[in-house]
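The structure appears right after this line, and notes come after that.
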Amino acid sequence: MGDSLITVVVIVLAAVLMFVFPLLTVSENSDSTAQLSVQNATTEFVENIRSTGKLTQNAYDKYIQTINSTGNTFDVQIEIQVLDENPGVKTTQTDRTKIGENIYYTQYTTQVLNDIKNNNKKILKEGDIVTVKALNTNTTIAQTLRNFLYKTAGNNSSSIAASHSAVVTSNGGN
C-alpha cells in the first residue's frame, strides 16, 4: 500500500513538472511578447500625436486594432493636458514660455473620444501634453496558472500594461 501511494505521488509530481511548468513558461513568454507589442504600439501612437499635433479617428482605430491583435482586451485611457491659450488672464506675468507659469486644463478619454468622433480628429498645439495608458482587462493563461499555482487569486493587477507621455511639438492646425 505504501509503495503504491508513493508511486501515485511521484506520477502526479512528474505530470506537474512535465506539463504545468512548461505551460506556465510558454504562457509567461506569450504575455511578455504581448507586453512588448503593446508598449511599442502605445509609444508609436503617442509619438505620432506628438509630432503631428493631431489625434485622428483612423490613428486611434489602428492603435486599438494593433493592441487587440495580441489576443487580449484593453482599457485604454487617454489624457490630454491642454496648455491654456491665455495664461496672462490668470497670472501677473504673461510670458507663457517661463517654467512654472504655464496653466493646463485636462481632457480625459471620453472627452477626447467624443471630439474625434464628432470632428474625425482632435487638434493639439505645441506645449500640450498627451498621456496614453493601456491595461489588459482579460485574464491571460499565465495569470490563471499563477493564480492556481501560487494562490494569488483576487489580485486584479493586469499583467499587460503600457503607458507613454509626450509634449506636443507641432501645432496640428498648421
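One distance of note links OG1 of Thr70 with CD1 of Ile67; it measures 7.5 Å at 0.5 Å rounding. The distance from atom CG of Asn114 to atom NZ of Lys122, rounded to the nearest 0.5 Å, is 10.5 Å. Going from atom CD1 of Ile64 over to atom OG1 of Thr73 covers 11.0 Å, rounded to the nearest 0.5 Å. Here the OG1-CG distance, from Thr109 to Asp75, works out to 7.5 Å after rounding to the nearest 0.5 Å. Distance check, rounded to the nearest 0.5 Å: CD of Glu28 to CD of Gln35 gives 11.5 Å. Taking CD of Glu126 as the start and CG of Asn171 as the end, the distance is 6.0 Å to the nearest 0.5 Å.
Between the side chains of Asn58 and Thr56, no donor-acceptor pair is found at a separation under 3.5 Å. Looking at Asp61 and Gln57, their side chains do bring a donor and an acceptor atom within 3.5 Å of each other. Side-chain contact check for Glu79 and Gln77: no donor-acceptor pair (N or O, by modelled atom type) lies under 3.5 Å. Looking only at atom types and distance, the side chain of Asn72 has a donor-acceptor partner in the side chain of Asn138 under 3.5 Å away. Side-chain atoms of His164 and Gln39 include no donor-acceptor pair closer than 3.5 Å.
In terms of hydrophobic clustering, with Ile, Leu, Val, Met, Phe, Trp and Tyr side chains grouped at heavy-atom distances under 4.5 Å, Met18 and Val8 are assigned to different clusters. One hydrophobic cluster, built from ILVMFWY side chains closer than 4.5 Å, cannot hold both Ile129 and Ile123; they sit in different ones. By the rule that hydrophobic residues join a cluster once side-chain heavy atoms approach within less than 4.5 Å of another member, Val46 and Val76 end up as members of one cluster. Both Ile49 and Tyr105 are assigned to one and the same hydrophobic cluster, defined by single-linkage of ILVMFWY side chains at heavy-atom distances under 4.5 Å.
Counting heavy atoms from C-beta on, the side chains of Asn40 and Glu44 never come closer than 4.5 Å. Counting heavy atoms from C-beta outward, Val132 and Phe45 have side chains that approach closer than 4.5 Å. The shortest distance between side-chain heavy atoms of Ile80 and Leu124 falls below 4.5 Å. Side chains of Lys133 and Ile78 form no contact here, defined as non-hydrogen atoms less than 4.5 Å apart. Asp128 has its side chain out of reach of Val167: every pair of non-hydrogen atoms, C-beta onward, lies at least 4.5 Å apart.
The two residues Gly127 and Tyr104 make their nearest non-hydrogen contact at O-OH, 3.0 Å. Nearest heavy atoms, Thr169 versus Ser51: OG1-CA, 4.1 Å. Closest heavy-atom contact between Thr106 and Gln81: OG1-CG, 3.8 Å. Residues Ala162 and Val38 come closest through the heavy atom pair CB-CG1, 3.7 Å.
Considering Leu135, Thr137, Ile160, Thr42 as possible partners of Phe74, the one that fulfils the side-chain contact (heavy atoms from CB on, under 4.5 Å) test is Ile160.
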Requested in this report: Go through the steps for Val82 and Gln107 under the test side chain to side chain contact (heavy atoms under 4.5 Å, CB included), then give the verdict.
Outcome: CA-CA 7 Å; Val82 180; Gln107 294 181 338; 4.2 Å; yes

